[in-house]
Amino acid sequence: MPLRLAQLDDVKAALNFGGADEDAALTRCIEHASAVAERLVGHRLGRVEQDIVYPQARGYGVSALWLPGRPIESVTMIKLLGWTGDSDDFSEIDPLDAESYLIDADAGSIDLLYGHTWSIQPRANLVVYTHGYADADATPGSDGLPATALLPGDDLQQGVVAEAIRLYRTQGDAGVDQVHAGKGGGYRPDHDAPHQALAQACDALRRVRL
C-alpha cells in the first residue's frame with residue numbers, strides 16, 4: 001500500500017470539505033505528496049520492519065555509522081566481524097548487548113561503545129532494525145503496530161497536507177494520475193515546484209545528518 005504521511009481528515013479540513021465524494025482523489029494526492037517527500041529527502045520514509053543490512057565503515061576505528069533507513073524505531077540485533085556467508089546469518093557471532101551502543105533515531109546512526117568499532121570489510125557487520133514512519137492515521141500499539149512505531153512529525157504532516165492540496169488543485173491541468181514521484185520517476189506537473197511547506201520540512205529532515 002502506498003505511504004500516507006498525512007491524514008485524509010486534515011486535508012479535508014483544510015479544504016473545508018464535508019462528505020466523502022472527493023475522498024478517493026484526495027487520498028491519491030496524499031500518496032503522491034508522500035512520494036514527493038521521499039524524493040526530496042532522498043530515501044524511503046515508510047516503515048520497514050526487521051530490515052537486514054550489512055553496513056560498511058569507510059575507515060578503520062570507526063565507532064559511529066549511519067544506516068540507510070531512518071528514523072530508527074528499534075534495533076533488534078547487531079553482530080560484528082561475521083566472516084560468514086548468507087546461509088548461516090552470522091550464527092557463530094554473539095550479538096552486542098543493547099548497552100554496547102547508542103542510537104540516534106532521527107539521524108539513523110548507531111555509535112558503538114566500549115571500544116567496539118565497525119569493520120571496513122564488506123558484509124562483516126550485520127544490523128537488523130526497524131525504521132521509517134507508519135501511516136499518519138495509524139495508532140501505535142494497535143492497527144498491527146507495536147507501541148514503539150513512529151508517526152511522521154507535525155511539520156512533515158503539514159507539508160504533505162499542503163502538497164496534497166496543491167496537487168488536488170492542479171489535477172485539472174496535469175491529472176493527478178499522471179503525477180509520478182519517488183525512485184525511478186520524474187515529477188509532474190514539472191512546471192511547478194512542490195509546496196514550500198513540504199520542501200522546508202524535507203530539508204529539515206535532510207539536515208539532521210549534516
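In this text the structure is predicted, and so the values were computed from the model without any measurement.
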Which atom pairs, donor and acceptor, lie under 3.5 Å between side-chain atoms of residues 151-161 and protein residues at least two apart or in another chain?
unit_1 : atom_1 : unit_2 : atom_2 : d
Gln157 : NE2    : Pro152 : O      : 3.0

Result block: side-chain N/O donor-acceptor pairs under 3.5 angstrom for residues 6-21, not counting sequence neighbours:
unit_1 : atom_1 : unit_2 : atom_2 : d
Lys12  : NZ     : Gly19  : O      : 2.6
Lys12  : NZ     : Asp23  : OD1    : 3.0

- [ ] Go through the steps for Thr27 and Arg4 under the test side-chain contact (heavy atoms from CB on, under 4.5 Å), then give the verdict.
- [x] CA-CA 8 Å; Thr27 297; Arg4 300 172 184 173; 3.5 Å; yes
TODO: Determine, stepwise, if the pair Thr117 / Leu80 fulfils side-chain contact (heavy atoms from CB on, under 4.5 Å).
DONE: CA-CA 8 Å; Thr117 58; Leu80 304 177; over 6 Å; no
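At a threshold of 4.5 Å between non-hydrogen side-chain atoms, the residues Tyr168 and Leu26 count as touching. A 4.5 Å side-chain heavy-atom check between Pro122 and Tyr54 finds every atom pair outside the cut-off. Side chains of Pro194 and Arg39 form a contact here, defined as non-hydrogen atoms less than 4.5 Å apart. By the 4.5 Å heavy-atom criterion applied to side chains, Leu67 and Ile72 are counted as neighbours. Using a 4.5 Å heavy-atom cutoff, the side chains of Val53 and Pro68 are in contact. Contact check for Gln121 versus Leu81: no side-chain heavy atoms found under the 4.5 Å cut-off. By the 4.5 Å heavy-atom criterion applied to side chains, Leu126 and Ile52 are counted as neighbours. Annotation: side chain of Ile110 is in contact with side chain of Val75 (closest heavy-atom distance under 4.5 Å).
With 3.5 Å as the limit, one finds a donor-acceptor pair spanning the side chains of Thr76 and Gln50.
For the atom pair Glu31 CD and Asp135 CG, the distance stands at 8.5 Å (nearest 0.5 Å). Rounded to the nearest 0.5 Å, atoms OG1 (Thr130) and CG (Leu145) are 10.5 Å apart. Interatomic distance, Arg70 CZ to Tyr129 OH, rounded to the nearest 0.5 Å: 10.5 Å. Put simply, CG on Leu167 and CD1 on Ile30 are 10.5 Å apart, with the number rounded to the nearest 0.5 Å. To the nearest 0.5 Å, the span separating CG on Asp111 from CD1 on Ile103 amounts to 11.0 Å. Of the inter-residue distances, the one linking Leu45 atom CG with Glu38 atom CD reads 5.0 Å to the nearest 0.5 angstrom.
At a threshold of 4.0 Å, the pair Glu163-Arg166 counts as salt-bridged, since one of the basic side-chain nitrogens sits closer than that to a carboxylate oxygen.
The two residues Phe90 and Arg123 come nearest to each other via the heavy atoms CZ-O, 3.2 Å. Contact detail for Leu40 and Arg206: the closest heavy-atom pair is O-NH1, 2.7 Å. Shortest non-hydrogen contact noted between Leu198 and Ala37 is CD1-CB, 3.9 Å. Minimum interatomic distance between Ala57 and Asn125 (heavy atoms only, all atoms of both residues): N-ND2, 4.4 Å. Between Ala162 and Ala197, the closest heavy-atom pair is CB-CB, 4.2 Å. Taking all atoms of both residues into account, the shortest heavy-atom contact from Pro140 to Ala147 is CB-O, 3.7 Å.
In this structure, Asp143 contributes its side chain and Thr139 its backbone to a donor-acceptor pair below 3.5 Å. Trp118 contributes a side-chain N or O that, together with a main-chain N or O of Ser63, makes up a donor-acceptor pair within less than 3.5 Å. Checking side-chain atoms of Asp97 against main-chain N and O of Ser100 turns up no donor-acceptor pair under 3.5 Å. In this structure, the side chain of Lys79 does not engage the main chain of Pro95 through any donor-acceptor pair within 3.5 Å.
For the side chain to side chain contact (heavy atoms under 4.5 Å, CB included) test, residues two or more places apart in sequence or in another chain that qualify with Leu150 are Pro71, Glu73, Tyr133. Every residue two or more places apart in sequence or in another chain that forms a side chain to side chain contact (heavy atoms under 4.5 Å, CB included) with Val48 is listed here: Arg44, Asp51, His131.
Within the structure, no pair that satisfies the ring-ring contact (aromatic ring centres under 6.0 Å, His included) test touches residues 95-117, not counting sequence neighbours.
The hydrophobic cluster around Tyr60 extends to Ile120, counting ILVMFWY residues whose side-chain heavy atoms fall within less than 4.5 Å of a member.
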